[in-house]
Amino acid sequence: MQTLNQDIKDRTFRPVYLLFGEERYLKQMYKKRLRQAILGEDTMNYSYFEGKGIDVQAITAMADTMPFFAEKRLILVEDSGFFKNASDAMVEYLPHMPETACLVFVEEQVDKRNRLYKKVKELGYAAELNRQNPEQLAQWAGTILARDGKKITKNSMDLFLSMAGDDMENIRMELEKLIMYTMGREVVTDSDIEAVCTVQATNRIFDMIAAVAAKNTRKALDLYEDLLTLKEPPMRILFLIARQFNQLLQVKELMAQGMDKGQIAKKRKLQPFVAGKLMGQARAFSREQILEYVETCAEMDEAVKTGKIADRLAVELLITKR
């Protein structure tokens, strides 16, 4: 991100950028900032392409077109799939693209072995924008609250993030609710947070795994149904379950080394509040049981991706596993 910020500040733009990773908020923010920095309010020199099946020739034709009374022409390409299945034509074109063009790709999935990815890294800049760690999120959220004259303690911030999750767009929306709810007051309290913040998928996953540990299959399946009702895709739920068991395995191993909550939180870059919850949950499983769930998650993921089983059923089988 430092490179992107510096390019925008200095207004020295590379010919091609790739914004990718799982943090959608950051991708959209930098997409807008690059457009504003390169073109301002100019729409005549801006072209946008979206989705798979984009005609590469249409992109290159726009890039080859001289900008109209401007230094640069900006071409934005979003969710093209070019970085999963490389477009040879695009790989060959990039070294010959005129200096008057700037090409920005915004992608969900990227294979770093892909030829186009390597060419973008060679000629421009590839920014991987993933989930931020708890310290970064707390600092960012605190800055937003301070802008509106709000104060919050560290413990209350830990509670807020434990409920809001680590998705920055969701955190931003939950902060807006908190700011409105505490209108006329300076300090944001735990009761404010509990009154207005919505429990996110990650919290339900935690409760689901607690139900699995307690052998309460009915409750675990009910929580799964709740997530489906909230429009969470089964593969996203499977990813979150796998991530949770991986965290439990890491915490379990650190506990075996004699580390306490504070040490584990620092080592794994977790909020102490979250580290404590993970430690409690890790005690409910043996190391072997956690490893087995980690392996089963990987097997289910592979089975879905190869068409051997439906995604929804895969999660159900994982939850009801004995």
Side-chain angles (χ1 to χ4, degrees), residues 1-8 14 16-35 76-84 104-114 116-122 124-144 157-158 160-175 200-206 227 232-251 264-271 273-275 278 294 297-298 301 305:
M1 286 191 289
Q2 185 177 353
T3 299
L4 283 172
N5 289 330
Q6 196 64 48
D7 286 2
I8 291 168
R14 295 153 205 257
V16 59
Y17 291 90
L18 167 63
L19 310 178
F20 72 103
E22 59 183 4
E23 184 46 79
R24 177 175 170 79
Y25 178 87
L26 289 176
K27 287 189 293 184
Q28 295 305 309
M29 182 188 77
Y30 278 109
K31 176 181 80 173
K32 291 173 185 174
R33 287 188 64 195
L34 280 168
R35 179 178 175 180
L76 180 64
V77 181
E78 195 156 7
D79 296 328
S80 66
F82 289 160
F83 293 86
K84 290 293 285 182
V104 177
F105 292 100
V106 183
E107 300 289 331
E108 186 72 29
Q109 294 183 322
V110 164
D111 182 347
K112 293 182 181 179
R113 300 166 298 179
N114 179 288
L116 185 56
Y117 173 80
K118 292 176 181 177
K119 185 59 68 175
V120 169
K121 281 197 73 177
E122 176 191 335
Y125 182 67
E128 187 168 8
L129 303 169
N130 288 323
R131 303 289 192 204
Q132 301 295 284
N133 65 44
E135 290 80 9
Q136 292 167 321
L137 291 174
Q139 184 178 12
W140 177 67
T143 300
I144 293 174
M157 179 62 80
D158 287 346
F160 169 74
L161 291 176
S162 75
M163 295 180 69
D166 59 2
D167 181 274
M168 292 177 75
E169 180 59 28
N170 184 71
I171 290 171
R172 186 189 61 78
M173 291 189 294
E174 294 296 313
L175 287 171
Q200 293 307 297
T202 47
N203 300 75
R204 293 176 191 269
I205 295 294
F206 190 93
L227 288 168
E232 284 287 345
M235 289 303 284
R236 163 77 174 159
I237 297 170
L238 179 58
F239 164 77
L240 290 172
I241 293 173
R243 186 175 72 171
Q244 182 82 354
F245 274 112
N246 272 298
Q247 281 188 319
L248 289 177
L249 182 60
Q250 292 162 359
V251 168
I264 290 174
K266 185 175 181 180
K267 179 79 173 176
R268 298 306 313 157
K269 296 183 178 178
L270 298 167
Q271 303 156 350
F273 180 85
V274 174
L278 286 169
V294 169
C297 286
D301 182 72
K305 288 177 178 175

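As the structure is a computational prediction, the values presented were derived from the model and not from experiment. Only heavy atoms go into these numbers, but all of them, side chains included; no hydrogens, no water, no symmetry mates.
No side-chain heavy atom of Arg35 sits less than 4.5 Å from a side-chain heavy atom of Lys32. Using a 4.5 Å cut-off on side-chain heavy atoms (C-beta onward), Glu128 and Lys112 make contact.
Taking CG of Leu240 as the start and CG of Leu227 as the end, the distance is 8.0 Å to the nearest 0.5 Å. Summarising the geometry, atom OH belonging to Tyr25 is positioned 10.0 Å from atom CD1 belonging to Ile171; distances are rounded to the nearest 0.5 Å. To the nearest 0.5 angstrom, Trp140 atom CH2 is 10.0 Å from Leu161 atom CG. Rounded to the nearest 0.5 Å, atoms CG (Leu4) and CG (Leu129) are 6.5 Å apart. Remark: Leu34 CG to Arg14 CZ distance equals 11.0 Å, nearest 0.5 Å. Interatomic distance, CG of Asn246 versus CZ of Arg243, reported as 10.5 Å (0.5 Å rounding).
Met157 approaches Ala141 most closely through the heavy-atom pair CE-CB, 3.8 Å. Of all heavy-atom pairs between Ile264 and Ala275, the closest is CG2-CB, 4.4 Å. Considering every non-hydrogen atom in both Ala126 and Lys121, the closest pair reads CB-CG, 3.9 Å. Across all non-hydrogen atoms, the minimal contact from Leu26 to Met168 is CG-SD, 3.7 Å. Minimum interatomic distance between Ile241 and Cys297 (heavy atoms only, all atoms of both residues): CG2-SG, 4.0 Å. The shortest heavy-atom contact between Ala164 and Asn170 is O-ND2, 2.8 Å.
Put simply, the side chain of Asp79 never gets that close to the backbone of Glu107: no donor and acceptor are under 3.5 Å apart. Of the possible donor and acceptor atoms, none in the side chain of Gln109 sits under 3.5 Å from a partner among the backbone N and O of Gly81. Formation of a donor-acceptor pair under 3.5 Å by the Glu169 side chain with backbone atoms of Arg24 is not found in this model.
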- Evaluate side chain to side chain contact (heavy atoms under 4.5 Å, CB included) for Asn114 paired with Lys84, printing each intermediate quantity in order. CA-CA 7 Å; Asn114 179 288; Lys84 290 293 285 182; 5.6 Å; no

- Item | Glu108 vs Lys27, side chain to side chain contact (heavy atoms under 4.5 Å, CB included): CA-CA, chis, key distance, verdict | CA-CA 9 Å; Glu108 186 72 29; Lys27 287 189 293 184; 3.3 Å; yes

- Task: Give the intermediate values and the outcome of side chain to side chain contact (heavy atoms under 4.5 Å, CB included) for residues Leu18 and Tyr117.
- Result: CA-CA 8 Å; Leu18 167 63; Tyr117 173 80; 3.6 Å; yes

- Go through the steps for Val104 and Val77 under the test side chain to side chain contact (heavy atoms under 4.5 Å, CB included), then give the verdict. CA-CA 6 Å; Val104 177; Val77 181; over 6 Å; no

- Message: Checking Asp7 against Tyr17 for the side chain to side chain donor-acceptor pair (under 3.5 Å) test, could you report, in this order, the C-alpha distance in whole Å, the side-chain angles of both residues, the deciding distance, and whether it holds?
- Response: CA-CA 11 Å; Asp7 286 2; Tyr17 291 90; 2.8 Å; yes

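No salt bridge links Asp301 with Arg236; every basic N to acidic carboxylate O contact stays at or beyond 4.0 Å. Between Asp166 and Arg131, at least one side-chain nitrogen of the basic residue sits less than 4.0 Å from a carboxylate oxygen of the acidic one, meeting the salt-bridge criterion.
With respect to Gln28, the side chain to side chain donor-acceptor pair (under 3.5 Å) criterion is satisfied by exactly one of Glu78, Glu23, Arg33: Glu78.
Atom CD of Gln139 has 12 or fewer neighbouring heavy atoms from other residues, nucleotides or ligands inside a 6.0 Å radius.
Less than 6.0 angstrom separates the ring centroid of Phe83 from the ring centroid of Phe105.
Inspection of the Asn5 and Tyr30 side chains reveals an N or O donor paired with an N or O acceptor under 3.5 Å. Side chain to side chain, Arg268 and Gln250 meet the donor-acceptor criterion of an N or O pair below 3.5 Å.
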